[in-house]
Protein chains: 2
Amino acid sequence: MQATEAVEDYLKVIYHLVTEGEAVTTSTIARRLGVSAPSVSAMVKRLEAGELVVRRGEGGLTLTSGGEVQALRVVRRHRLLETFLAEVVGVPWDEVHDEAEVLEHSLSDRLEDRIDALLGHPAHDPHGDPIPPRTGPHNERWADPLTAAPTGSRFQIERVSDRDPEALRYLADIGLRPGVLVEVGARAPFGGPLWITVDGAEHALGSQLTNLLHGAVVTTGTTPIRRRRAG
Amino acid sequence: MQATEAVEDYLKVIYHLVTEGEAVTTSTIARRLGVSAPSVSAMVKRLEAGELVVRRGEGGLTLTSGGEVQALRVVRRHRLLETFLAEVVGVPWDEVHDEAEVLEHSLSDRLEDRIDALLGHPAHDPHGDPIPPRTGPHNERWADPLTAAPTGSRFQIERVSDRDPEALRYLADIGLRPGVLVEVGARAPFGGPLWITVDGAEHALGSQLTNLLHGAVVTTGTTPIRRRRAG
DNA sequence: GCGCCGGATTAGACGTGTCTAACATCAGTG
DNA sequence: CACTGATGTTAGACACGTCTAATCCGGCGC
């Protein structure tokens, strides 16, 4: 099956839904891609014919191994481009996602490899998302959300979801980036904000923001671990 | 009119044909783009409806001012990308054209400006082709072909056509790049090769190669002028 | 049980961009 | 003058990707 831009976009969205544990249905795909439900129906039929996805009762769709390979290729190009744009071109944190979104479809294998080498084969993009290897297994693990951290604990941020540029700008402003350590304070009741301390400053984060932050509770005394590049 | 990739490609080819002094006809466009003549007929009809080209008896088509603006935007992105890929990413001379060819359609204005600034607003791409400004007038002057230089003269190369990667590799190997000075030797008769001396070494160039080289005869005694960036 | 509601699909249409086959036109040449 | 060859157009088809409108279906409230 021909890997057009649309096909790549669908596979990528399906991959993300799967790894985020969301239902992979016509409506969730349509919502993510901003297209109508019938468009998704039609495309899914094509993807099934091309043996890139299969129906798996209830939960909805799954990628075949062939489909996953293609999805990972797109995810890899996207995250490599984000890293490249941020580190080499100096594109701000909150802009790299949108730029990579369009460039990812036009990146040749040759240029992909060159950028990968230039960056020293990075393992994570600027938001902390792992960059799949060109071939071989990939572990797309989502760390725990900040909301799961108990009051009084220390929490190290690993990933910051990259979808909302405005939120990203705010988070960057107050110093919330991958690798940063925060102290988890009180949680206001009835869906109220979560108080955290970062860099000695206190902030109240609404659920719209806390949902974007993933990481792990740090057992006391450990020095913050800075993320490093892969070998 | 919607500036799709296809539309951008057609406008770019028409622009190049015009500036190279070639006829802008259905068949020349078809040949350049590698599509059939009826495809060109159909697209030209759409471009006319969108007021991007007009028919101008005999010579064929011309770009309207609106069409030229769009064409120059594509040419600018292409040449900026070539420069960026060569200087920043380290892509070899003969590969930048093909890579830029696909990326040029996905480069946002924002990223274009950022790359332009990062490069210091370059005036020429690695092949010596002038980079159009984002707005305002642009002079796409083609210097004289090497074939026009008289035997015994010294010729400074300004532009090397970028279309043939194999030829580019060979030319780079023997040191023929923009800015380089060559001595024009004897011309073998009946379409035979042209002898030139560059870096003290003599080479016989067939017409396939001499057609790619453009520049100017240098009046004696002048030191070679290195191309520099614009202000 | 009936009706409603949300999700999914089918039906039908459209725009884009391409193709091949057939036809038209025009220049030159025997 | 009629044939040939190049060039260009029209006609008709197809693939892709999208849309809206209509239908279908399964669960739930009354």
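Just so we're on the same page: letters track the sequence lines, and every chain starts at 1. Since this is a predicted model, take the numbers as computed values, not measurements.
OP1 or OP2 of C:dA8 lies within a sub-4.0 Å distance of a side-chain N or O belonging to A:Thr25. Between B:Lys45 and D:dT9 there is no side-chain polar atom (N or O) within less than 4.0 angstrom of OP1 or OP2.
Atom CG of A:Leu61 and atom P of C:dA8 are 10 Å apart (whole Å). Between A:Ile29 atom CD1 and D:dG17 atom P the separation is 15 Å, expressed in whole Å. Atom-to-atom, CG of A:Leu47 to C1' of D:dA15 comes out at 15 Å; the value is rounded to the nearest Å. The distance between atom CG of B:Leu11 and atom P of C:dG17, rounded to the nearest whole Å, is 11 Å. The interatomic distance linking A:Leu33 (CG) with D:dC16 (P) rounds to 18 Å, in whole Å. Between the CE atom of A:Met1 and the C1' atom of D:dG17 there is a distance of 11 Å, rounded to whole Å. With rounding to whole Å, A:Arg31 atom CZ is found 9 Å from C:dA8 atom P. For the pair B:Glu5 CD and D:dG17 P, the interatomic distance rounds to 13 Å; values are reported in whole Å.
At a threshold of 4.0 angstrom between heavy atoms, the contacts of B:Thr26 are confined to the sugar-phosphate backbone, with no base atom among them. Among the heavy atoms of the strands lying under 4.0 Å from B:Ser27 are primed sugar atoms or P, OP1, OP2 only; no base atom is included.
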So which protein nitrogen or oxygen atoms get under 3.5 Å of nucleotides 18-22 of chain D's nitrogens or oxygens?
unit_1, atom_1, unit_2, atom_2, d
D:dT18, OP2, A:Tyr10, OH, 3.2
D:dC19, OP2, A:Ser36, N, 2.8
D:dC19, OP2, A:Ser36, OG, 2.9
D:dC19, OP2, A:Ser39, OG, 2.5

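For A:Arg31, the salt bridge (Lys or Arg N to Asp or Glu O under 4.0 Å) criterion is met by no residue, not counting sequence neighbours. Residues that satisfy the salt bridge (Lys or Arg N to Asp or Glu O under 4.0 Å) test with B:Glu104, not counting sequence neighbours, are B:Lys12.
Between the CG atom of A:Leu17 and the OG1 atom of A:Thr28 there is a distance of 4.5 Å, given to the nearest 0.5 Å.
Residue A:Val7 has its side chain nearest to D:dG17 when only C:dT9, D:dT9, D:dG17 are considered. The side chain of B:Thr4 lies closest to C:dG17, out of D:dT9, C:dG17, C:dT9.
A:Glu158 and A:Ala143 get closest at one heavy-atom pair: OE1-CB, 3.5 Å.
Between A:Glu99 and B:Arg114, no side-chain nitrogen of the basic residue sits less than 4.0 Å from a carboxylate oxygen of the acidic one, so the salt-bridge criterion is not met. One finds a salt bridge joining B:Arg73 and B:Asp109 here, because a Lys/Arg side-chain nitrogen approaches an Asp/Glu carboxylate oxygen to under 4.0 Å.
A donor-acceptor contact shorter than 3.5 Å links the side chain of A:Arg79 to the backbone of A:Pro130.
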